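Heavy atoms only: backbone and side chains are in, while hydrogens, waters and symmetry mates are out. Because the structure is a prediction, the values reported are computed rather than measured.
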Amino acid sequence: MEISQQSHTFPLEDRRADALGNLKSLPDELICTILDYLTPRDIARLACVSSVMYIFCNEEPLWMSLCLKKLKGPLQYKGFWKKTVLHLENLANEFIEHCRKPLQFDGFSSLFLYRRLYRCHTTLDGFSFDDGNVERQKDLSAEQFHREYDGNKPVLLTGLADTWPARNTWTIDQLLLKYGDTAFKISQRTPGKVSMKFKDYVSYMKVQHDEDPLYIFDDKFGEAAPGLLKDYNVPKIFQEDFFDVLERDSRPPFRWLIIGPERSGASWHVDPALTSAWNTLLCGRKRWALYPPGRVPLGVTVHVNDEDGDVNIDTPSSLQWWLDFYPLLADEDKPIECTQLPGETIFVPSGWWHCVLNLETTVAVTQNFVNSKNFEFVCLDMAPGYCHKGVCRAGLLALDEGSLENIEKNMSFDKDNFSYSDLTRKEKRVRTLRSQYSENHKGITNGANKSYNLWKQDFSYDINFLAVFLDRERDHYTSPWSSGNCIGPREMREWLSKLWVGKPGMRELIWKGACLAVNADKWLECLGKICFFHNLPFPNDNEKLPVGTGSNPVYVMDEYVVKIFVEGGLESSIYGLGTELEFYSALCEVNSPLKNHIPNVFASGILHLENGSCKIDCWDGKEVPGVIGKCNLIPEKDKCDVFPFGVWSKKLFEYRKAGSLACGADSSAGSTSIWPYLITKRCKGKIFAQLRDVLSWEDVLNLASFLGEQLQNLHLLPSPSLSISNLSDVEKKRDLPFANGMDMEYVSNESDIPVEWQIFARTLSRKKKDAFIRLNKWYTYLI
């Protein structure tokens with residue numbers, strides 16, 4: 001049948017509405033986001049529904065995401081992502097090859113998909129990038145660096161890597177010859193860990209067309225390929241690093257090997273824990289964009305969890321930001337920029353936002369560090385709370401309107417001292433947030449507009465200014481620890497303690513950081529009151545910081561050890577001290593041999609604030625102290641027990657606490673101005689953690705034998721008595737299932753289960769319910 005020429009002029013009918021049905025009202029970006037939550041087999045089924053859904057379900061970025069989430073073990077790229085996923089699904093080869101011939105449909109267009117396709121296939125060799133406005137320096141002395149740049153502004157340094165072997169050997173071809181079978185970690189946005197053998201990664205780089213290509217970002221490259229560490233050294237001006245006092249397995253990640261193809265890079269971020277960084281490029285070219293602290297780039301959103309202070313940043317990929325957001329910026333709102341060339345090292349100060357785009361295949365090495373310039377900022381970022389973390393990254397935009405009004409009233413800082421006076425005129429312009437930003441973000445409230453104006457006038461990355469936003473009611477020992485912190489709370493205390501001992505000449509600075517991070521001034525004041533009351537010598541300079549181990553402030557002095565109970569709040573603390581005192585009393589009562597190996601109790605009591613002054617009540621664990629009795633922490637019928645806060649009372653407390661989420665109650669009862677404490681005689685010698693690596697095998701066997709004997713002595717101690725009357729009627733009748741579904745009420749009535757085991761079983765059952773509730777809340781928050 002012959003078709004007339006005229007028929008080709010008819011407009012094509014848009015098939016989107018009919019093909020998507022009720023989903024037609026959703027934007028294409030949201031549909032792609034929804035598909036990302038499905039499994040590969042669900043995606044394959046959904047592709048059969050309609051022509052448009054077929055198009056969405058065959059997008060390579062979708063299959064890339066599915067692959068990275070499903071992957072377990074090293075990645076082997078098969079030429080395109082859908083084929084890689086199908087191999088992971090163990091499909092027969094004939095089905096996999098059939099999928100290489102996608103169907104073609106007309107009558108459908110998507111600007112979102114087109115832009116993404118463009119980003120996947122664009123090349124950057126035709127893009128024009130000038131040298132930028134970051135200063136370049138050669139032969140910079142350490143004095144000049146610390147005076148002009150460290151903690152102030154970025155700088156590009158030349159000549160630092162001229163003598164490195166890596167300057168000549170870190171090319172793709174030479175690395176492939178030497179480390180082709182070595183697996184390196186891959187950076188990507190999924191929570192799982194992905195690695196690739198270097199030869200597989202090089203093959204991927206040559207054929208990939210990804211919007212945000214995978215790139216090697218490996219903090220363990222020194223362990224995977226030790227020879228690489230011999231190819232470079234830390235430049236002298238960056239060698240001061242306070243994390244050096246920690247053992248290698250205790251310190252947070254600090255050095256990375258970075259290899260990536262054109263279009264890859266790091267999206268907008270502030271380096272972890274507000275550390276500073278240097279980055280040396282060995283081959284290729286990188287484009288950098290940077291903003292001063294507190295200046296959130298256009299298109300970036302900062303989320304700070306108000307419970308634990310965890311920081312999450314929503315940001316487009318570096319390529320997408322340069323293509324879609326950068327053109328929207330007025331000249332005065334553009335970032336500080338530069339193009340980094342091979343052999344150059346860029347320094348990024350603490351708190352600076354930065355984004356990196358690889359203009360061609362690059363190889364680089366980078367290290368983060370803590371020195372005297374940024375130490376206080378790192379400690380501040382580890383402090384409990386959330387407001388100060390938001391302000392450090394987003395400036396005064398992180399505050400609500402009420403907080404802004406307080407800042408306006410109380411602002412007493414010298415604005416001239418907070419200016420970037422040493423920046424060039426072109427660099428100064430990036431400090432200002434123009435009203436154009438408000439026009440581009442029409443959802444900004446009046447409070448946010450006010451914060452923009454206040455930011456322009458008063459925000460500064462000054463430690464005294466930023467410390468104003470600390471939540472003084474939150475304490476290091478009792479507040480949730482942010483999962484985003486680069487080290488844990490015990491490692492944080494250990495770090496400060498080692499710095500205190502190892503760097504006596506910098507104790508003034510270390511003390512300031514410890515006050516920010518762990519409230520060292522508060523607990524030293526409490527220790528001083530306790531020492532004065534018991535006529536103990538005040539701690540000397542070496543003893544002013546609590547030791548790193550344990551979950552409470554513990555001070556090891558020349559003759560004594562003072563432990564202040566704070567973990568878990570007042571209720572947990574009083575039970576913690578009560579059980580220790582009951583245990584020591586049991587040792588003395590039966591004259592157990594174990595007593596010879598337990599520190600002698602010198603004194604114990606409760607420190608509390610009363611009418612604005614500190615008072616101390618001695619307490620031996622017996623009866624209920626008056627200050628505690630006012631808090632109603634214990635049932636009336638249990639107050640007559642010999643040790644009202646002893647072992648079984650603590651177990652019943654743990655039982656009640658475990659069910660607090662299930663009952664919708666808050667189990668954090670207590671006061672922030674009452675602190676139980678215990679003073680013991682100091683044991684001679686070192687703790688096991690300091691000796692375990694140097695003990696001989698014979699010593700280890702002797703120690704194990706000794707511990708076995710003491711464990712036997714422990715079991716011979718009389719168990720504290722507990723009767724069924726210790727359980728309230730409500731607790732006895734509460735219907736709580738076991739983990740296997742058995743009914744607790746039935747078991748307790750029909751079986752001869754001891755009361756102790758009933759408490760144990762019920763506590764486990766409640767903890768199971770609490771965990772289920774927490775997981776549900778966490779899942780709801782994620783979606």
Practice item. May I ask you to say whether Lys389 pairs ionically with Asp310, meaning some side-chain N is under 4.0 Å from a carboxylate O? Key: no
Review point. Would you say Asp210 and Tyr204 make side-chain contact, with heavy atoms under 4.5 Å?
Key: yes
Check your understanding: Taking the side chain from Asn133 and the backbone from Glu337, do they hold a donor-acceptor pair closer than 3.5 Å?
Key -> yes
Exercise for review: Just say parallel, tilted or perpendicular for the rings of Phe347 and Phe238, cut-offs at 30° and 60°.
Suggested key: parallel
**Study point:** Smallest separation among heavy atoms of Cys387 and Phe469, with atom names
**Key:** CB-O, 3.7 Å
**Study point:** Whether over 12 other heavy atoms sit under 6.0 Å from Glu29 CD
**Key:** no
Check your understanding: Does any non-hydrogen side-chain atom of Leu214 lie less than 4.5 Å from one of Met64?
Key -> yes
Study note, to complete from the structure: Looking only at heavy atoms, the pair that brings Thr366 and Ala277 closest together is OG1-CB, 4.5 Å
Review point. Do Tyr114 and Asp28 have a side chain donor and acceptor closer than 3.5 Å?
Key: no
Point to revise | Given Lys286, Arg287, Arg285, the one that forms salt bridge (charged side-chain N to carboxylate O under 4.0 Å, His left out) with Glu360 | key: Arg285
Review point. Under 4.0 Å between a Lys/Arg side-chain N and an Asp/Glu carboxylate O for Arg255 and Asp241?
Key: no
Check your understanding: Are a donor atom and an acceptor atom from the side chains of Thr171 and Asp173 found within less than 3.5 Å of each other?
Key -> no
**Study point:** Spacing of CG belonging to Leu140 relative to CD belonging to Glu135, to within rounding of 0.5 Å
**Key:** 10.0 Å
Review point. Between the side chain of Glu60 and the main-chain N/O of Trp81, is any donor-acceptor distance below 3.5 Å?
Key: yes
Practice item. Taking the side chain as every heavy atom from C-beta outward, state whether Leu75 and Thr84 have any pair of such atoms under 4.5 Å apart. Key: yes
**Study point:** Test item: Arg136 and Leu156 side chains (from C-beta on) under 4.5 Å apart, heavy atoms
**Key:** yes
Check your understanding: Less than 4.5 Å apart, any side-chain heavy atom of Leu281 and any of Leu341?
Key -> no
Review point. Looking only at side chains, do Thr275 and Asn368 share a donor and an acceptor under 3.5 Å apart?
Key: yes
Practice item. Please confirm whether the backbone N or O of Val300 pairs with a side-chain atom of Thr315, one donor and one acceptor, at under 3.5 Å? Key: no
Exercise for review: Could you tell me which non-hydrogen atom of Arg147 sits nearest to which non-hydrogen atom of Asn152, and how far apart they are?
Suggested key: O-ND2, 3.6 Å
Study note, to complete from the structure: Rounding to 0.5 Å, atoms SG (Cys355) and OH (Tyr326) come to a distance of 11.5 Å
**Study point:** Asp244 vs Phe254, side chain to side chain contact (heavy atoms under 4.5 Å, CB included): CA-CA, chis, key distance, verdict
**Key:** CA-CA 10 Å; Asp244 279 346; Phe254 68 104; 5.8 Å; no
Exercise for review: Given ring pair (Phe, Tyr, Trp, His ring centres under 6.0 Å), test Phe198 with Tyr179 step by step and report yes or no.
Suggested key: CA-CA 7 Å; Phe198 190 63; Tyr179 301 104; 8.0 Å; no
Study note, to complete from the structure: Residue set satisfying side chain to side chain contact (heavy atoms under 4.5 Å, CB included) with Lys220, at least two apart, ordered chain then number -> Lys185, Asp218, Glu223
Review point. So, for Gln208 and Tyr77, which heavy atoms are closest and what is the spacing to 0.1 Å?
Key: CA-OH, 4.5 Å
Study note, to complete from the structure: Residues Pro261 and Pro213: closest non-hydrogen pair is CG-CB, 3.8 Å
Review point. Would you say the side-chain atoms of Asn305 pair up with the backbone N or O of Asn312, donor to acceptor, closer than 3.5 Å?
Key: no
Review point. Would you find a donor on one side and an acceptor on the other, under 3.5 Å apart, between the side chain of Trp495 and the backbone of Phe242?
Key: yes
Check your understanding: So Tyr232 and Trp170, side chain to side chain contact (heavy atoms under 4.5 Å, CB included) or not? Walk me through it.
Key -> CA-CA 10 Å; Tyr232 79 97; Trp170 283 25; 4.1 Å; yes
Point to revise | Heavy-atom donor-acceptor pair, Gln340 side chain to Asn279 backbone, under 3.5 Å | key: yes
Review point. When you measure from the side chain of Glu262 to the backbone N and O of Thr123, does any donor-acceptor pair fall under 3.5 Å?
Key: no
Revision key, fill the gap. CZ of Phe145 to CG of Leu157, rounded to nearest 0.5 Å, is 7.0 Å
Exercise for review: First locate atom CG of Leu359, then atom OG of Ser264, and finally report the distance between them rounded to the nearest 0.5 Å.
Suggested key: 10.0 Å
**Study point:** Residue pair Phe221, Val365: steps toward the side chain to side chain contact (heavy atoms under 4.5 Å, CB included) verdict
**Key:** CA-CA 10 Å; Phe221 74 93; Val365 63; 4.2 Å; yes
**Study point:** ring pair (Phe, Tyr, Trp, His ring centres under 6.0 Å) between Tyr149 and Trp278, intermediate numbers included
**Key:** CA-CA 12 Å; Tyr149 300 101; Trp278 59 267; over 10 Å; no
Review point. Can you name the closest pair of heavy atoms from Leu282 and Ala364 and give their distance?
Key: CD2-CA, 4.1 Å
Check your understanding: Who pairs with Arg116 by salt bridge (charged side-chain N to carboxylate O under 4.0 Å, His left out), at least two apart in sequence or on another chain?
Key -> Glu59
Exercise for review: Evaluate the side-chain proximity of Pro292 to Lys153: yes if any heavy-atom separation is below 4.5 Å, no if none is.
Suggested key: no
Point to revise | Asp324 backbone acceptor or donor facing Gln320 side chain under 3.5 Å | key: no
Review point. So, are Arg393 and Asp381 salt-bridged, with charged N and O less than 4.0 Å apart?
Key: yes
Review point. Around atom NZ of Lys138, are there more than 12 heavy atoms of other residues, nucleotides or ligands at under 6.0 Å?
Key: yes
**Study point:** Heavy-atom side-chain contact between Thr362 and Ile258 under 4.5 Å
**Key:** no
Check your understanding: Taking Tyr291 as the fixed residue, which of Tyr461, Trp268, Trp321 is the one that meets the ring-ring contact (aromatic ring centres under 6.0 Å, His included) rule?
Key -> Trp268
Exercise for review: Begin from the C-alpha positions of Asp212 and Arg119 and carry the test salt bridge (Lys or Arg N to Asp or Glu O under 4.0 Å) through to its verdict.
Suggested key: CA-CA 8 Å; Asp212 190 12; Arg119 292 193 294 269; over 6 Å; no
Point to revise | Glu240 bridged to Lys373 by N-O distance under 4.0 Å | key: no
Practice item. Find the distance between OG (Ser203) and NZ (Lys197) and round it off to the nearest 0.5 Å. Key: 12.0 Å
Check your understanding: Is the closest side-chain heavy-atom distance between Ile237 and Gln239 below 4.5 Å?
Key -> no
Check your understanding: Is a donor on one side and an acceptor on the other found under 3.5 Å between the side chain of Ser276 and the backbone of Ser350?
Key -> yes
Exercise for review: Please state whether the rings of Trp288 and His354 are parallel, tilted or perpendicular, taking 30° and 60° as the class boundaries.
Suggested key: parallel
Check your understanding: How long is the span from the NZ atom in Lys512 to the CG atom in Leu380, to the nearest 0.5 Å?
Key -> 14.0 Å
Exercise for review: Evaluate the side chain to side chain contact (heavy atoms under 4.5 Å, CB included) criterion for residues Trp256 and Ser187: first the C-alpha distance (whole Å), next the side-chain angles of each, then the deciding distance (0.1 Å), finally the verdict.
Suggested key: CA-CA 11 Å; Trp256 290 265; Ser187 176; over 6 Å; no
